[in-house]
Amino acid sequence: MLVEKYRPKSVTEMVGNEDARAEVLRLVRSWGQGSKHILIVGPPGVGKTTFAKALARDLGYELIEMNASDERTKSKIEAIIKPLLSNTNIYAKNVLLFIDEVDGIHGSYDRGGLRALLELLKAATIPVILAANDDTGEEMKELKRLCSTVRFKRIPPRILMLYLEHVLESEGVEMSIGDRIRIVNESAGDLRTLLNKAQALLSSVGSYTPTSYSIPIEHAMNRFFSSSSMSEALEALSRSEGFYSSPEFYRSSEDKRLDKLHALYASIVNSNKGIDSIADMLNTLSYVDVLIAVMNRGRRWNMLRYIDGIIASSIFHSSRGIVYNQYDTPYVLSSKIFTYGNAIREVAASIARELHESTHKITSYYMPYMIMILKNRRDVLEYAMGNGIISKEFYEMIKV
Amino acid sequence: MIKVSLSKGFTLPRLDKDTFSMLMRNGLQYDKATGLFTVKDINKIDRIYAILSEAINDTISIEVQCVLCSSDAGCSECEFSNTCDRLQVTSKCICKDCLRNGYGNYTREVSKLLE
């Protein structure tokens, strides 16, 4: 894999973000106890993790890494980091702690993790580099107070071109200028994507053009479901413009649309296949979903290439005749959810006004009991409906 | 078209007091001696761009600096000028002349910056 082969070993082998790299180097070199730690913020694929690893190697630090694949609860963080941060022993002298995707330490999974980390950082005796994709969240505010923030930005296309030409030259291969420009443009400042696209082209035959390289997801899915052989189905899946990503990285509905697993799921649940057949296919998707999550958490993206094969071999026979569908909730159900949702919001808003409570509190705490009461007291329900207290939709929802 | 050069500084048409102070608060600097504006805080370039776009009825073109020779990188003649989002990429790129010298030259020069 080009991504692995050309992963820089030193900070000087990297490209882009020159000022930011110099700034982090300056901060680490001048770091002393009581100094601020370093928070690197930037979009994926600009080299935050690679830089931290290369920097540790260049400056003779032993790097202790904690990334999103590790469990980062309060107890885990304390167990792993506390001895490192509080010991002023000989071992601690040359240790650099790197905590990746620190903006991901929140929510129920990492409960208490961020709070524990903040406490430990305050008393740290070794430099800590933290990396985040985004620093705008409320939970990042306090962390930023303890850190000097350095921003890594997307790499300009010309510098990507410079790097691509270096890789092609080192590999001893040629690529037309049109293909090079197209790959650079499609990479959008992401070096990892650039190398993956170059890899895809170098492993394929002929010139790189969007039509020969990738096909729109709806065509790919329909081709997959209508293929007469498994190899044809596999080719349709692998040439799709879609990708496998973790839903936590969805930036937009477009990202969701381009997620191959989502496209397969939506098409299957909307199909008219038998319930057992659908259950079998969804089991496969569920298994694959877990695999993808493990690969993403462990940053083992090179393993993602096996996913198409697993899917094609597992659901090929049972999925013949399905048609691509973009929406994961059948229309009949989604329209009901929409109508009932509006009805509930309307009633909750009226009650909230009367009781001087928030609508959220009414919906979360009061509404379930209210529905139970109304279900058992049809006379009250009829009265509320008859006197315009509740809407017709709400009345029908309770009756159901 | 107003060219916002990140290497040499740039001039702006006369601005009203509010816009001027808003730009100053968002990391723009004005040198009275040369009459040129410079961007002090490059991380706020998107805000500066937004304020200028609203205040000036003209196209604004950002010209980034060459990381190796410190001159303008030549964004207006760049083959990627239509696709490069100059508010999202780093404020330093590479000019056509330095690009010709290849990756080896780039790493050599950048390693001097990193020393």
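Naming: A, B, ... by sequence-line order, numbering from 1 per chain. Note that the structure is a prediction, hence the values are computed from the model and not measured.
- By number of non-hydrogen pairs under 4.5 angstrom with chain B, the leading residue of A/Arg154, A/Glu23, A/Arg151, A/Glu169 is A/Arg154.
- Within the model, atoms CG of A/Asp19 and CG of B/Leu113 stand 7.5 Å from one another, a figure rounded to the nearest 0.5 Å.
- Between the side chains of A/Asn185 and B/Thr83, at least one donor N or O lies within less than 3.5 Å of an accepting N or O.
- B/Tyr103 contributes a side-chain N or O that, together with a main-chain N or O of A/Glu13, makes up a donor-acceptor pair within less than 3.5 Å.
- Two residues are said to be in side-chain contact when any heavy atoms from C-beta on lie closer than 4.5 Å; A/Ile181 and B/Phe80 meet this criterion.
- Distance CD/A/Glu18 to CG/B/Leu114: 8.5 Å, rounded to 0.5 Å.
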Quick one, A/Arg21 with B/Val110, criterion side chain to side chain contact (heavy atoms under 4.5 Å, CB included). Give me CA distance, side-chain angles, the key distance, then yes/no. CA-CA 10 Å; A/Arg21 278 189 279 154; B/Val110 170; 3.7 Å; yes
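- Rounded to the nearest 0.5 Å, atoms CZ (A/Arg180) and CD (B/Glu79) are 10.5 Å apart.
- Side-chain N or O atoms of A/Arg158 include one that pairs as donor or acceptor with a backbone N or O of B/Ile94 at under 3.5 Å.
- Options B/Leu99, B/Ile42, B/Asn82 differ in how many heavy-atom pairs under 4.5 Å they form with chain A, and the most are formed by B/Leu99.
- Looking at A/Glu165, there are no atoms closer than 4.5 Å to chain B (heavy atoms on both sides), in backbone or side chain.
- Only the side chain of A/Val184 comes within less than 4.5 Å of a heavy atom of chain B; its backbone N, CA, C and O stay farther away.
- One finds the NZ atom of A/Lys153 at 9.0 Å from the CG atom of B/Asp85 (value rounded to the nearest 0.5 Å).
- There is no contact between A/Arg26 and chain B, counting heavy-atom distances below 4.5 Å.
- Annotation: maximal heavy-atom pairing with chain B below 4.5 Å, among A/Asn17, A/Thr12, A/Leu162, occurs at A/Leu162.
- In this structure, the side chains of B/Thr90 and A/Pro156 come closer than 4.5 Å at one or more pairs of heavy atoms.
- Considering only heavy atoms from C-beta on, B/Val89 stays 4.5 Å or farther from A/Ile155 through its side chain.
- For B/Leu87, the part lying under 4.5 angstrom from a heavy atom of chain A is the backbone only.
- Chosen from B/Cys93, B/Gly104, B/Ser111, B/Ala73, the residue pairing most often with chain A at heavy-atom distances under 4.5 Å is B/Cys93.
- For A/Met14, the part sitting under 4.5 Å from any heavy atom of chain B is the backbone (N, CA, C, O) and nothing else.
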